[in-house]
Amino acid sequence: MSRVHPRQKLSPADAEAFAADVDALHAKVRKTLGARDRNYLLRVIRVQKIIAVAGRAVIFASVPLMPWFFHHALASKAAFLCVALAGAVLLSLAKILENMELGHNILHGQWDWMNDPEIHSSSWEWDNVCVAAQWKHSHNVVHHTWTNVVGKDRDVGYQVLRVTDEQPWHWAYLPQMFYTIILALLFQWGVGLHDIDFENVRNGKLPKAAIDAHMVAMKAKATRQLLKDYVLWPLLAGPFFVVVLAANLVANGLRNIWAFIVIFCGHFPSGVAMYTAEETENESRGDFFARQVSGSCNISGGGLFHVMTGNLSHQVEHHLFPDLPSNRYGEIAPCVRELTQKYGLPYNEGSFTRQLGTTFWNILKHSFPTGQKTTSTTTTTTT
Amino acid sequence: METEPREQPTGLRARALAVASLFVAPRSPLDYLRASALPSGGHRARVVATRAECEGTATLTLSPAPRTWSAGQHVDLSVLVDGAYQTRTFSISSAPPAASARARTFDVTIRAAAHGRLTPMLVRDAKVGDDVRVSPPAGCFVLPDAGAGMGPLLFVTAGSGITPVMSMLRGSLSSDVLHVHFERTRDRIIFGSELDALAKADPSYRRTCELTGAEVNVDQMLARIRALCPDLHTRQTFACGPAPLLDAMRALYTELEIEDHLHTESFGAPAAPPAIRALAHDAETTVARLSFTRSQVNVDADGRTSLLVLAERAGLKPAHGCRRGLCRSCVAPLRKGTVRDLRTGMDTVATGGGVQMCINAPVTDVEIDL
């Protein structure tokens, strides 16, 4: 029977060699970054703007199709709903591209090598209620340093869900499938609050003032976001205010659900490794990289699918090289897979349905008191 | 000297932009109009004309121009080289617009540095239509108070040091000007015919060109200046050229107790190739001097210890996150020198950008703005 947590411990010599190989691959890619990569990013930015403008326009175009107010041949309930939904989906695609392939990756500093003041991790802000500066801490620092270390990586369960046996069970986790759905629907708010260490505020290690400071910045950002999508754009439709508001709500909601799915499929499908803080004490660079590999999961798919996930479908490559441009992840994936084979590390890749299905199963299962006290044989999360 | 970007929106336009920005937050409406002002305060410009000067030197005419500048000031030009912007500083060589007028274009004149990477490329390959980014004009190598009341002047220029002075000469100078220009050989003189024409047309402008040959001797140059300009103490002097010449002039003016008459501008040596001094693996060897300029702290660096650790040892508490080169929390501006990525061995030379302190170590004397 396989272990509960397929953690791989490399020998010190292997760890050192693995780190050297990872560094060499990083240097190889870094040296070849150039105009081709810049052109890719500029193309994504251009396409994103076109889709955003198109989405807003199509939403407005649905208004004259409302059969209740306009009596012409084209006006019908079906035509109105189809066009309004198409507009909402287009806007949602624009927001997904903006948040994931652009925002997430630019804020990682993946494009800082261009020395472009307009596309730089220090100045970029994204179309999301989360403040970029707060996200850069909660994600780039906390999550990418402590990946899958229970109690340290707040992405493990997003401070509301129990996704591994290492988290102690509590009866409040029983309805957590319900929390999951709420979190998915409101995901941008979860991301926005994510930099608050609620656990340590609750137990008094952090002052409550930490929350206030966070909220001041977030409130300013969120106000602009809400004003834009739920007041100003709808007002342009005059009496048909509610149509635009509803379409924008759907667009933001779809983006939330998609971002939630991609992010949860990155670390919680079955077969992924979780770690304790003790295990990562005095961790060597090689062991750090091994943890990034064992703690991340890829989703297989086509080129367009990868772009729509912000290339986080290459989660393993992203966690090894968070500062390399995302368009390179797919290209280096074969090299990374080869390295994991060389050192006997897992390379968790699966279809979208497999990764999503096992992630939900994982969450459902951990609603119940699994893995209490006896940890090794009663439950298995590996396939 | 801060100057605002190209178009400081005013009135109706500003209000329209402010309203539009509410609809496209967090982007700027300018992003959708391909006209964005840069967060650094500069603006985008385009090459609208190129002109070959003498061998290895070219003038680029750029548009739009900064709103205004003073003759003698410089701008940072950033150009794309294989996907990444590279930045160098150049003096503006065209005259600033008259008061209350707006300039449509401005010139920079570029000489290809012998071992440079960027300037030879610019001189050779720049063409009409190229995009560049321009910082706000800066620098205090400017005439005291344009207009009346400016006493007699002495211009001392050497090589491409003529460029900021050219901007002054092309403006409306009403003073008695003596201009001593040094150049190695006659065919390297920049703006030679234009200056000749100016000297012919304007009797208050006297000009002499001294050829030094390949072996430059600063003492001889200084002697020539004194011989050509017996009334040194009556003139405000503007000198632009290599550092040794300027140092010698500063010493002379101090000796004559007229150091307040001397205004200098140096382009500084192009970033030297990283001097890889002994990166000894055994001894605690000092290879470089590291200065945290804002904290005014200097420490010795051994080439193997990261900037972050060195800063912390010196008692500073810089912001940082993962300490592994992942999160970029510790990025600080590299003002001078070269640092090496301890993971990859890749060198970064100071061009005004930031470096990750946790994974870079100094390989030359380094200044960090911290």
Side-chain angles (χ1 to χ4, degrees), chain A residues 19 22-24 26-28 30-31 33-39 41 45 49 52-53 56 98 103 107-109 112-118 120-128 132 136-137 139-146 221 224-225 227-228 231-233 236 285 288 292 319 321-323, chain B residues 19-44 76 78-87 131 133 135 319-333 341-346 348 351-356 358-359:
Chain A
V22 170
D23 285 342
H26 182 280
K28 195 173 131 193
R30 179 65 189 82
K31 277 188 188 127
L33 296 180
R36 166 170 81 96
D37 304 276
R38 180 178 173 83
N39 291 340
L41 184 73
I45 290 177
K49 282 184 201 158
V53 170
R56 302 261 186 213
E98 205 273 353
L107 291 174
H108 258 295
D112 287 2
W113 60 273
M114 299 195 301
N115 295 325
D116 188 330
E118 288 173 277
H120 200 276
S121 62
S122 60
S123 60
W124 192 266
E125 193 49 86
W126 54 355
D127 182 9
N128 190 309
K136 279 188 281 189
H137 179 259
H139 184 84
N140 293 3
V141 180
V142 180
H143 171 57
H144 274 268
T145 306
W146 295 106
K221 174 87 191 283
R224 291 197 78 169
Q225 289 293 114
L227 187 70
K228 173 182 70 167
V231 179
L232 294 174
W233 281 105
L236 286 189
R285 275 173 64 72
F288 172 82
Q292 301 301 328
H319 265 264
F321 309 112
D323 63 340
Chain B
V19 171
S21 71
L22 292 174
F23 282 85
V24 296
R27 294 278 82 73
S28 155
L30 293 171
D31 290 342
Y32 286 83
L33 304 170
R34 294 165 154 247
S36 67
L38 304 180
S40 53
H43 70 275
R44 303 189 204 206
D76 291 344
S78 304
V79 295
L80 267 182
V81 181
D82 194 18
Y85 279 97
Q86 307 283 342
T87 304
D131 284 318
R133 287 166 180 212
S135 74
H320 64 273
C322 68
R323 305 186 76 97
R324 299 168 183 275
L326 303 174
C327 74
R328 305 189 64 88
S329 304
C330 61
V331 170
D341 188 327
L342 292 167
R343 306 167 303 175
T344 62
M346 250 172 86
T348 306
T351 54
V355 288
Q356 291 169 279
C358 66
I359 44 139

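Model, not experiment: these values are computed from the prediction.
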task: Name all residues meeting the side chain to side chain donor-acceptor pair (under 3.5 Å) criterion together with B:Asp131; count only those two or more places apart in sequence or in a different chain, and write none if there are none.
output: B:Arg46
query: Among all residues two or more places apart in sequence or in another chain, which pass the side chain to side chain donor-acceptor pair (under 3.5 Å) test with A:Asp112?
result: A:Ser121, B:Arg328
message: Using a strict threshold of under 4.0 Å (side-chain N to carboxylate O), is an ion pair present between B:Arg27 and A:Glu98?
response: yes
field: Electrostatic pair A:Arg30:B:Asp341 at N-O distance under 4.0 angstrom
entry: no
Tell me, side chain or backbone of [X] under 4.5 Å from chain B's heavy atoms, or both, or neither?
{"X": "A:Leu33", "result": "backbone"}
{"X": "A:Trp146", "result": "neither"}
{"X": "A:Lys49", "result": "both"}
{"X": "A:Val53", "result": "side chain"}

message: With side-chain contact (heavy atoms from CB on, under 4.5 Å) as the criterion, how do B:Leu22 and A:Lys228 come out once you've worked through the C-alpha distance, each side chain's angles and the decisive distance to 0.1 Å?
response: CA-CA 6 Å; B:Leu22 292 174; A:Lys228 173 182 70 167; over 6 Å; no
What closest approach, in Å, do [X] and [Y] show between heavy atoms, and which atom pair accounts for it?
{"X": "A:Asp127", "Y": "B:Ala25", "value": "OD1-O, 4.4 Å"}
{"X": "A:Trp233", "Y": "B:Phe23", "value": "NE1-O, 2.9 Å"}
{"X": "B:Pro26", "Y": "A:Gln225", "value": "CD-OE1, 3.8 Å"}
{"X": "B:Arg133", "Y": "A:Pro117", "value": "NH1-CD, 3.2 Å"}

- prompt: How far apart are the C-alpha atoms of A:Arg38 and B:Leu80, what are their side-chain angles, what is the distance that settles it, and do they pass the side-chain contact (heavy atoms from CB on, under 4.5 Å) test?
  reply: CA-CA 10 Å; A:Arg38 180 178 173 83; B:Leu80 267 182; 3.4 Å; yes
task: Check whether any side-chain N or O of A:Trp113 sits under 3.5 Å from a backbone N or O of B:Ala84 as a donor-acceptor pair, and report yes or no.
output: no
query: Would a distance-only check, ignoring hydrogens and angles, find a side-chain to backbone donor-acceptor pair under 3.5 Å from B:Asp82 to A:Ala35?
result: yes
Residue pair B:His320 / A:Val141, side-chain heavy-atom distance below 4.5 Å: no
- request: Could you walk me through whether A:Glu118 and B:Ser28 pass side-chain contact (heavy atoms from CB on, under 4.5 Å), step by step?
  value: CA-CA 11 Å; A:Glu118 288 173 277; B:Ser28 155; over 6 Å; no
statement: With chain B, the option among A:Gly109, A:Ala19, A:Gly34 that has the most non-hydrogen atom pairs under 4.5 Å is A:Gly34
